[in-house]
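What follows is a set of notes on a single structure, which appears directly below.
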Protein chains: 2
Amino acid sequence: MSASRIRTATLLIIDRDGLDGLSMRKLAAELGVQAASLYGHVSTKDDLLHEVAAEILEKVDVSGFDGGDWRSGLRSAAWSYRSALARHPNIVPFLAYGPAHREASLRRLDVVHGGLVAAGWSRREATMIAAGLMYLVFGAALSTFSSGFSEDQAVYRDRYPNLDKAHLLPGVAQELDHDSFELALESFVTGLAARAPG
Amino acid sequence: MSASRIRTATLLIIDRDGLDGLSMRKLAAELGVQAASLYGHVSTKDDLLHEVAAEILEKVDVSGFDGGDWRSGLRSAAWSYRSALARHPNIVPFLAYGPAHREASLRRLDVVHGGLVAAGWSRREATMIAAGLMYLVFGAALSTFSSGFSEDQAVYRDRYPNLDKAHLLPGVAQELDHDSFELALESFVTGLAARAPG
DNA sequence: ACCTGAACACCGTTCAAGT
DNA sequence: ACCTGAACACCGTTCAAGT
């Protein structure tokens, strides 16, 4: 009925059935209504997805750039992005598509950019660092590298002698994803610091 | 007709019309045939996409890990991934979906993992570094951060005072993407080196 | 062996008609 | 004002029938 209830149901279906599992007819059924009724509240399926995307990105908190140094600002922004995206992994491919066109994304990137410039980075460097942050955040949310391994370990043992079987157990996959993101982020920040201004 | 000709036409349509622009009927028309005929050579649309994905990943070269140190191995692998993916940006969301399930991806990750372990990293660290590499590569290929800005600069000037207008001109967007990837990769490698073994 | 026409069960979206 | 039924132009996929 309300736009907010439609967005909630949309996200529920995406979380449960995947991005391909969302159809306007299924969404309507979830809301106890006919598909055509949705078009009184939503202009288009694509538009609805953008609204849901905006709602998710609205939860990203980049306030870590107020006050502290750029290192902690970058770290807290990265983790906030990660936790917002990790809650709804199925919609990430859609989120990643053109972040620059999204109002909510731009407001946050503007804060990150401003914080980096205030710390002494050039405007161009600030843009590139913010881009690097997006690479890490979306790449980590999207590829869910480790969790893809969990199904049948025998395959890996025989054919890919170098891959680490011990860390591919389902139980540790999530922890490994977390630690991999932490290592990548900390290395990124450390590496930047090595060429930092001021 | 042949499986290879079908894959070529598939990629042509994806490059031209996007992932959503690919339909079996359109693909058939491109090949001068009826949609039903495709199912004599291809089991399913999803399967066809996986074949095309494999063909693209087959071109990624991780041989930089033979011989040289892990730093140059990581760099050359990253750039090879980047150039392979950058040639077909529209299929990247599909590629990123579950790299661990893909034969061609696993062979390359096995080489990367082996190279890192040979350089003295633990198996677990090697897995995490390889994951970080995937984050950067897929994130960079997917979010095409800078190129999304190019349409109307007046919007940014007024509302996002911190964002750097000078670097958002269409002409420099591509260069900025390149340099952002380079900065992120170099920072990642430098940061890792700070905690390197041996 | 390879292609086709027709059909099936789906899509997103529109629109006149109902309350 | 809000919902509906029916329709339109599409999908992926199957399968008997044609050459």
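Below, read A as the first sequence line, B as the second, and so on, with proteins coming before strands; counting in each chain starts at 1. Worth saying up front: this structure is predicted, and the values here are computed from it rather than measured.
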ask   = Between Asp15(B) (side chain) and His88(B) (backbone), is there a donor-acceptor pair under 3.5 Å?
value = no
message = I want to know whether Trp79(A) and His178(A) have ring centres closer than 6.0 Å.
response = yes
query = First and last nucleotide of DNA chain D touching chain A, 5' to 3', heavy-atom cut-off 4.0 Å?
reply = dC3(D) to dA7(D)
ask   = Are any side-chain N or O atoms of Arg82(B) and backbone N or O atoms of Ala141(B), one a donor and one an acceptor, separated by less than 3.5 Å?
value = no
Sugar-phosphate, base or nothing in reach of Leu22(B), heavy atoms under 4.0 Å = sugar-phosphate
task = Give a yes or no answer on whether the side chain of Thr127(B) reaches the backbone of Arg123(B) with a donor-acceptor pair at less than 3.5 Å.
result = yes
inquiry  = Using a 4.0 Å heavy-atom cut-off, does Leu27(A) contact any base of the nucleic acid, only the sugar-phosphate backbone, or nothing at all?
reply    = nothing
task = Assign each of Ala36(A) and Lys26(A) to its nearest nucleotide of DNA chain C by heavy atoms, then name whichever residue's nucleotide is nearer the 5' end.
result = Lys26(A)
Base-pairing assignment for dA6(D) (Watson-Crick or G-U wobble, both under 3.5 Å) = dT14(C)
ask   = Side chains of Asp46(B) and Thr44(B): is there a donor and an acceptor less than 3.5 Å apart?
value = no
query = With distance as the sole test, does Thr190(A) use its side chain to make a donor-acceptor pair with the main-chain N or O of Gly191(B) at under 3.5 Å?
reply = no
message = Does Ser23(A) reach a base, just sugar-phosphate, or nothing at all? Heavy atoms under 4.0 Å.
response = sugar-phosphate
inquiry  = Please compare Ser43(B) and Gln34(A) by the position of their nearest nucleotide in DNA chain D and report the one closer to 5'.
reply    = Gln34(A)
